[in-house]
Amino acid sequence: MLKNILILLTGVLTLSCSNPYKNAQNSPEDYQIIPKPNSVEMAEGRFLLDTETTITAPENLTSEGAFLADYLSKASGKMIAFNANKQGTIKLNLDSTLPTNESYKIEITYDEIIISGKTSKAVFYGIQTIRQLVSTNFSDEHTLPAAVIQDAPRFAYRGMHLDVSRHYFSTDFVKRYIDLLAMHKMNTFHWHLTEDQGWRIEIKQYPKLTEIGAWRNGTIVGHYPGTENDNKKHGGFYTQEEVKEIVAYAAERHITVIPEIELPGHSSAAIAAYPFLSCFPNEPTVIKNGMISETSKEAQANGQIKLVQESWGVYNDVYCAGKEETFTFVENVLEEVMALFPSTYIHIGGDECPKGNWKKCPNCQKRKADEGIADEHELQSYFITRVEKFVNSKGKNIIGWDEILEGGLAPNATVMSWRGNAGGIAASRANHNVIMSPNSHCYFDHYQSDNRDAEPLAIGGFLPLEKVYAFDPIPEELEAEKHQYILGGQANLWTEYIPTESQAEYMLLPRMTALSEVLWTTKEHKDWNDFKIRLNDFRSVYDELGVNYGKHLFEKETEE
Ligand code: ACM
Ligand code: ZN
């Protein structure tokens, strides 16, 4: 017995003295992190992740500790425990000496890992880095290379949008989407909730918005204008409870959810529910090119003349800017929305609002005369500024698409520049905050390959990965003193041609992976060739999650 104990003891001592990982040599390939950190100092040794590994964290980082345990267990297939009270080998802590709120530092040695952040959010980013290192160092028994990593993002706003109106996506999918954002250290989810083709958020004061506005009787088949109507009812909406759940889910992952409630255009679904919002409540909704569903034809014949749109594009039937009832409705809706979303930003749309109805509408013309408004662009500005005043009165701020510059910018508005950079440049020169989302580089509904025949039907365009990577939110021509107004960037996933979750993932990845580096990594550290190498390893992260993604780059590399 004693002999056995002695043997055992010797074995343990030998093992600890000659830990095979202590002096392991690492190479740059062992540190494949996206987005690329500011600074990675390689060192000798590797930390072995095994069932003895325990994560510890102070009380204010327990949520992060639990996340790390979950990520590491999934990535390694080993049970890694979080135990706040035990002396762990992976330690999380807050460090107020770090430079910015999103700055983190990781120290990995053969026997411990310390992840420090200025805030819990920053610690969470450090955790994402560790998680990647485990997934990309997959070929061994899950050891992490020793290092000191110091990191912080280039931009404060790192956003990704999802249009759930053209096609409805389940709450589970929205959560998975948020998970993907979190993994990429993105911090904002722009949730496009209302459109011509569907209203997706429950508003208690206006139940018809979801009873009627959340459902369309059919959808055009094929690319606009379409070959026929599929005559299939499509829709869905998020209850306020589900919205709260998603907002909380995102908050745990340090992601702010910005809701978008479109006005005054893209409002056919709301008008179908409440026709009084239109300048002309008795004018039937037109589904372009005769692509109307059988159910809607019948409905219109029976007097239900306003419809949720079934085709794509821009529609003339918009909120009436003359009637007070419109503003009462908008304020009541926004009041409920603001109570659900802690975000200081509320996106009010503002894009693509045709002015034809306003020109013909006696109420809109009276509004112009009463307010001394010169033209319909100024009438739009009146609309947006009035909504802004209401939102500001609740302690929040608006974001609008760059059309809100037309007719005069609302005093405190942040501009989301989508029609190229021009809107963002003009707004920042006027000392307004800007989020850059130019359709040249940030529209993930565009084709990612020029071989369209091999791709699922898309809206058009051509946005390969390399072009996303080349995006810089700061336009070259913008004067240095105005750079401070460019808060960051965002890509958009419009879903007219994206009916399934798997296709949404395919359009998102790997382009969002490139975008994450655009928004996080300093310009000096950006390098397309280096990114491609790291992305090749990053595929193991996608594969581990079972997520769908475009493989064009990898196929091209293999062919060459
Ligand atoms: C937009 O793409 N209409 C903002
Ligand atoms: Zn009107």
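Because the structure is predicted, anything quoted here is derived from the model rather than measured. Order of appearance sets the numbers: ligands from 1, and atoms from 1 within every ligand.
- With His190 as reference, Trp401 is the one residue of Phe341, Tyr157, Trp401 to meet the ring pair (Phe, Tyr, Trp, His ring centres under 6.0 Å) rule.
- The N/O atoms of Trp418, backbone and side chain alike, include none that comes under 3.5 Å of an N/O atom in ligand 1.
- Draw a line from the Zn ion (ligand 2) to SG of Cys361 and another to SG of Cys279, and the angle between them is 110° (to 10°).
- Each of the following atoms of ligand 1 lies closer than 4.0 Å to a heavy atom of Trp494: 1 (C), 2 (O), 4 (C).
- Surrounding NZ of Lys551 are more than 12 heavy atoms belonging to other residues, nucleotides or ligands, all under 6.0 Å away.
- Looking at His254 and Glu102, their side chains never bring a donor and an acceptor atom within 3.5 Å of each other.
- The atoms of ligand 1 that sit less than 4.0 Å from any heavy atom of Glu352 are 3 (N).
- A cation-pi arrangement is not found for Arg452 relative to Tyr497, the charged atom failing to lie both closer than 6.0 Å to the ring centre and inside a 45° cone about the ring normal.
- At a 3.5 angstrom cut-off on N or O pairs, Trp401 does not count as close to ligand 1.
- Separating the CG atom in Leu162 from the CD atom in Glu260 is a distance of 11.5 Å, to the nearest 0.5 Å.
- Scanning the protein for heavy atoms near atom 3 (N) of ligand 1, the closest one is Asp351 OD2, 2.6 Å.
- Within 6.0 Å of CD on Glu298 lie no more than 12 heavy atoms contributed by other residues, nucleotides or ligands.
- The contact set between ligand 1 and Tyr443, taken as ligand atoms under 4.0 Å from a residue heavy atom, comprises 1 (C), 2 (O), 4 (C).
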